[in-house]
Visitor: 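Sharing a structure below in structure tokens format, with a few things to ask.
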Amino acid sequence: MTDDIRIRRAGRGCRKAGRLPIVALAFLLAGGVTGAHAQGTPLSGEPITPVPLDVVTDPARVSLGQRLFSDTRLSGDNSISCSSCHMIARGGADGLRLSRGPQNRVPPTNTPTILNVSLSALLNWNGRNRSLTGQLREVVTNPHIMDGEWPTVLARLRADTALAAEFRGLYPDGITQDSVIDALAEYERSLLTPNAPFDRYLRGEADALSPEAKAGYELFKFYGCVSCHQGVNVGGNMLQAFGIFGSPAAAEGGPDTPGAARDTGISPSEPVFRVPSLRNVAQTAPYFHNGSVQTLPEAIDIMANYQLGRSITPDDIAQIEAFLNSLTGEYQGIPLGDYQP
Ligand code: HEC
Ligand code: HEC
């Protein structure tokens with residue numbers, strides 16, 4: 001039974017990989033590698049699309065949400081805010097293997113980035129949320145994250161007369177669970193990082209990518225990484241088993257691995273996770289649901305071995321790393337690596 005599922009899944013991966021060279025060929029014929037496509041002619045038919053340059057958000061709600069995002073009154077003991085763990089200047093995460101929650105509690109999984117979060121179809125390592133508001137409904141009361149209670153949080157915020165007046169200006173009912181969640185969600189929608197070198201390349205700037213990064217993108221497609229990490233967020237839109245060809249150390253708990261999804265029907269023997277977005281991945285070490293891997297080359301090597309069943313050369317790994325580095329975008333016009341709050 002288990003083996004059937006493995007074989008079926010492996011077969012699917014191979015078919016994908018088999019089809020990809022055709023995509024690569026079409027790309028070559030379109031002049032992608034020779035640079036024949038004119039500056040400004042966007043590439044078409046690629047499995048990854050650029051982060052939108054603009055997003056329509058309501059500036060007043062964004063501003064309110066931004067303040068709430070770094071407001072410790074949203075946590076039970078007033079000690080911690082969303083931005084304690086999700087820092088824009090640290091790639092939207094915190095650089096820790098596992099974060100420190102309230103009362104030094106440690107969340108069971110690594111903190112994912114908050115950047116471009118609105119572009120992911122599934123949220124959380126186990127993909128349990130499908131909307132920003134759904135995620136926000138549970139985050140305040142999560143004992144490892146904010147450990148708050150809505151009535152207390154709302155009472156504290158309502159006692160702030162200036163804040164209460166500002167809310168009333170935007171929401172007829174003033175400060176409520178729904179309006180707090182709405183403002184936070186609007187802020188999250190504003191957190192896009194467009195203009196990564198790779199996106200500029202997709203938009204037709206042939207020189208935006210180094211030859212190494214271009215070769216890395218071809219390998220990313222050829223090996224089949226793109227069968228899981230694709231779409232605008234280079235991930236974020238499906239659940240997959242972690243360890244299709246053998247079990248990586250990070251998945252040693254099998255389906256009981258902390259953070260894994262249960263009863264998905266995808267694999268009864270391996271842990272199942274939401275495929276993470278690889279946008280800004282060079283800024284978001286350490287990697288994997290348990291933060292066990294510090295460097296991109298190591299993460300790429302594990303992916304090739306355990307998700308695709310192939311061992312790839314250090315040169316290939318370096319090229320794929322160059323491609324992943326080209327996925328670092330800009331926040332408010334500043335390359336994310338240089339952004340200071
Ligand atoms: C103690 C650190 C910590 C704090 C504080 C924190 N988070 Fe998180 N956040 C996490 C962790 C860990 C996860 C992953 C949890 C999981 O998947 O089960 C997460 C996941 C998320 C996600 C889903 C991202 C994705 O791509 O799956 C969003 C959105 C988010 N947090 C927003 C917030 C907001 C808003 C706040 C404040 C109300 C907040 N977080 C406070 C650690 C933190
Ligand atoms: C079969 C689906 C699948 C394929 C194919 C795949 N990945 Fe992944 N990838 C995942 C899943 C699932 C995770 C999350 C694993 C975890 O954290 O437990 C992941 C995580 C990652 C991470 C860590 C991201 C982070 O923020 O922690 C990187 C980097 C990565 N993959 C790169 C690649 C590369 C490069 C390839 C091709 C060599 C590849 N992946 C192929 C499913 C896949």
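Counting convention: from 1, in listed order, for ligands and their atoms alike. Below, each value reflects all heavy atoms present in this structure, side chains not excepted, and no hydrogens, waters or symmetry copies.
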Visitor: I'd like to know if atom 8 (Fe) of ligand 2 has an N/O/S atom from Cys225 within less than 2.8 Å of it, counting both backbone and side-chain atoms.
Guide: no

Visitor: Mind checking whether Leu115 and Arg279 have side chains closer than 4.5 Å, heavy atoms only?
Guide: no

Visitor: Start with the C-alpha distance between Thr57 and Ser190, add both sets of side-chain angles, then the distance that settles side chain to side chain donor-acceptor pair (under 3.5 Å), and finish with yes or no.
Guide: CA-CA 7 Å; Thr57 47; Ser190 77; 5.6 Å; no

Visitor: Distance under 4.0 Å to a non-hydrogen atom of Leu308: what atoms of ligand 2 satisfy this?
Guide: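 What qualifies from ligand 2 is 5 (C), 37 (C), 38 (C).
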
Visitor: Evaluating non-hydrogen atoms only, which member of Gln230, Gln307, Arg310 is closest to atom 42 (C) of ligand 2?
Guide: Gln307

Visitor: Enumerate the atoms of ligand 1 whose separation from the nearest heavy atom of Thr109 is less than 4.0 angstrom.
Guide: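 Near Thr109, meaning under 4.0 Å from one of its heavy atoms, ligand 1 has 12 (C), 14 (C), 15 (C), 16 (C).
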
Visitor: Gly101 heavy atoms, cut-off 4.0 Å: which ligand 1 atoms fall inside?
Guide: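 Taking each heavy atom of Gly101 in turn, ligand 1 has 1 (C) under 4.0 Å.
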
Visitor: Heavy atoms only: give me the nearest Ser267-Ala241 pair and the separation to one decimal.
Guide: CB-CB, 4.1 Å

Visitor: My understanding is that only one of Val140, Leu136, Leu64 makes a side chain to side chain contact (heavy atoms under 4.5 Å, CB included) with Leu184; could you say which?
Guide: Leu136

Visitor: Report, in ascending order of atom number, the atoms of ligand 1 lying under 4.0 Å from any heavy atom of Ser99.
Guide: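 By the 4.0 Å cutoff, the relevant atoms are 2 (C).
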
Visitor: Locate the shortest heavy-atom distance separating Leu98 from Val106; write the atom from each residue and the value.
Guide: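 So the two residues come closest at CB-CG1, 3.5 Å.
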
Visitor: Record the part of Trp125 in heavy-atom contact with ligand 2 below 4.0 Å; permitted values are side chain, backbone, both and neither.
Guide: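 Near ligand 2, Trp125 shows its side chain, while the N, CA, C and O stay back.
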
Visitor: So Ser81 and Asp71, do their side chains get closer than 4.5 Å, heavy atoms only?
Guide: no

Visitor: Please identify which atoms of ligand 2 are closer than 4.0 Å to at least one heavy atom of Gly224.
Guide: 5 (C)

Visitor: How far apart are the closest heavy atoms of Leu74 and Val153, and which atoms are they?
Guide: O-CG2, 3.6 Å

Visitor: Could you check atom 15 (C) of ligand 1 against the protein and tell me its nearest heavy-atom contact, residue, atom and distance included?
Guide: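 Result for atom 15 (C) of ligand 1: Asn124 ND2, 3.6 Å.
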
Visitor: Between Gln135, Glu138, His144, which one has a non-hydrogen atom sitting closest to atom 29 (C) of ligand 1?
Guide: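 Considering heavy atoms of Gln135, Glu138, His144, the nearest to atom 29 (C) of ligand 1 sits in Gln135.
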
Visitor: Fit a plane to each ring of Phe69 and His86, take the angle between them on a 0 to 90° scale, and name the class: parallel (under 30°), tilted (30 to 60°) or perpendicular (over 60°).
Guide: tilted

Visitor: Give yes or no for whether the N/O distance cutoff of 3.5 Å, strictly under, is met between Arg274 and ligand 1.
Guide: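 Looking only at distances, the answer is yes, because the N/O contact criterion of under 3.5 Å is met.
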
Visitor: Between Phe242 and Tyr306, is the ring-ring contact (aromatic ring centres under 6.0 Å, His included) condition met? List the steps.
Guide: CA-CA 8 Å; Phe242 183 35; Tyr306 292 99; 7.6 Å; no

Visitor: Do the side chains of Ile114 and Glu188 get nearer than 4.5 Å, heavy atoms only?
Guide: yes

Visitor: Take Asn233 and Asn116 through the side chain to side chain donor-acceptor pair (under 3.5 Å) test and state the conclusion after the steps.
Guide: CA-CA 7 Å; Asn233 243 0; Asn116 305 306; 4.6 Å; no

Visitor: Tell me, do Arg128 and Arg274 make a side-chain contact under 4.5 Å, heavy atoms counted?
Guide: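 Answer no - side chains too far apart.
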
Visitor: Can you tell me if an N/O/S atom from His86 lies under 2.8 Å from atom 8 (Fe) of ligand 1?
Guide: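 It does: His86 brings an N, O or S atom closer than 2.8 Å to atom 8 (Fe) of ligand 1.
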
Visitor: Inspect the surroundings of CZ in Arg73 and state if more than 12 heavy atoms from other residues, nucleotides or ligands are less than 6.0 Å away.
Guide: yes

Visitor: Which atoms of ligand 2 have any heavy atom of Phe242 under 4.0 Å away?
Guide: 15 (C), 16 (C), 18 (O)

Visitor: Would you mind reporting whether Leu296 and Tyr287 have side-chain heavy atoms less than 4.5 Å apart?
Guide: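 Side-chain contact under 4.5 Å: yes.
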
Visitor: With only distance considered, is Arg128 within less than 3.5 Å of ligand 1 through an N or O on each side?
Guide: yes

Visitor: Hey, which atoms in ligand 2 end up nearer than 4.0 Å to a heavy atom of Ile244?
Guide: 1 (C)

Visitor: Taking both backbone and side-chain atoms of Glu188, is any N or O found less than 3.5 Å from an N or O belonging to ligand 1?
Guide: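 Between Glu188 and ligand 1 (N or O atoms, distance only) the closest approach is not under 3.5 Å.
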
Visitor: Hey, which atoms in ligand 2 end up nearer than 4.0 Å to a heavy atom of Ile320?
Guide: 35 (C)

Visitor: Which atoms of ligand 1 sit under 4.0 Å from any heavy atom of Asn110?
Guide: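 Within the 4.0 Å cut-off of Asn110, ligand 1 contributes 12 (C).
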
Visitor: Any nitrogen or oxygen of His229, side chain or backbone, less than 3.5 Å from one on ligand 2?
Guide: yes

Visitor: Using a 4.0 Å heavy-atom cut-off, which part of Ile145 comes near ligand 1: side chain, backbone, both, or neither?
Guide: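 Both backbone and side chain.
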
Visitor: Contact between ligand 1 and Arg100 is defined here as a heavy atom of the residue under 4.0 Å from a ligand atom; is it met?
Guide: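 Distance cut 4.0 Å: Arg100 passes for ligand 1.
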
Visitor: Measure the distance from atom 38 (C) of ligand 1 to every protein heavy atom, then report the residue, atom name and distance (to 0.1 Å) of the closest one.
Guide: Cys82 SG, 2.6 Å

Visitor: Please could you name the atoms of ligand 2 that Leu278 approaches to less than 4.0 Å, counting only its heavy atoms?
Guide: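 By the 4.0 Å cutoff, the relevant atoms are 22 (C), 24 (C), 28 (C), 29 (C), 30 (C), 32 (C).
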
Visitor: Is it the side chain (CB and beyond), the backbone, both or neither of Pro108 that lies under 4.0 Å from ligand 1, heavy atoms counted?
Guide: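 Neither; no heavy atom under 4.0 Å.
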
Visitor: If you take the nearest heavy atom of each of Asn116, Thr72, Val117, which one is closest to atom 24 (C) of ligand 1?
Guide: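 Considering heavy atoms of Asn116, Thr72, Val117, the nearest to atom 24 (C) of ligand 1 sits in Val117.
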
Visitor: Using the six-membered ring wherever Trp is involved, compare the ring planes of Trp125 and Phe273 and label them parallel, tilted or perpendicular (cut-offs 30° and 60°).
Guide: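 Perpendicular: the ring planes of Trp125 and Phe273 meet at over 60°.
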
Visitor: At a 4.0 Å threshold, what atoms of ligand 1 neighbour a non-hydrogen atom of Ile114?
Guide: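 Result: 28 (C), 29 (C), 30 (C), 32 (C).
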
Visitor: Out of Ser70, Ser83, Cys85, who is nearest to atom 4 (C) of ligand 1 when you count heavy atoms only?
Guide: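 Nearest option to atom 4 (C) of ligand 1, by heavy atoms: Cys85.
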
Visitor: Which ligand 1 atoms, with their elements, are less than 4.0 angstrom from a heavy-atom of Leu136?
Guide: 35 (C)

Visitor: At less than 4.0 angstrom from any non-hydrogen atom of Pro276, what atoms of ligand 2 do you find?
Guide: 11 (C), 13 (C), 14 (C), 19 (C), 20 (C), 24 (C)

Visitor: Considering Pro112, Gly235, Gly92, Ala185 one by one, which has a heavy atom nearer to atom 13 (C) of ligand 1 than any of the others?
Guide: Pro112

Visitor: Any idea which of Ala304, Ala282, Cys228 brings a heavy atom closest to atom 3 (C) of ligand 2?
Guide: Cys228

Visitor: Is there side-chain contact between Gln319 and Phe220, with at least one heavy-atom pair below 4.5 Å?
Guide: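 No. Closest side-chain heavy atoms not under 4.5 Å.
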
Visitor: Atom CD1 of Ile181 and atom CZ of Arg137: how far apart are they, to the nearest 0.5 Å?
Guide: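 Output value for this atom pair is 5.5 Å.
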
Visitor: Give the atom numbers and elements of ligand 1 that come within less than 4.0 Å of a heavy atom of Ser81.
Guide: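 Matching atoms, with element in brackets: 5 (C).
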
Visitor: Tell me if the CD atom of Glu252 is crowded by more than 12 foreign heavy atoms within 6.0 Å.
Guide: no

Visitor: Would you indicate which of His289, Lys221, Arg279 comes nearest to atom 16 (C) of ligand 2 when only heavy atoms are counted?
Guide: His289

Visitor: Measure up the Tyr331 and Tyr339 rings against each other and bin them: parallel (under 30°), tilted (30 to 60°), perpendicular (over 60°).
Guide: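 Ring orientation, 0 to 90° scale: perpendicular.
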
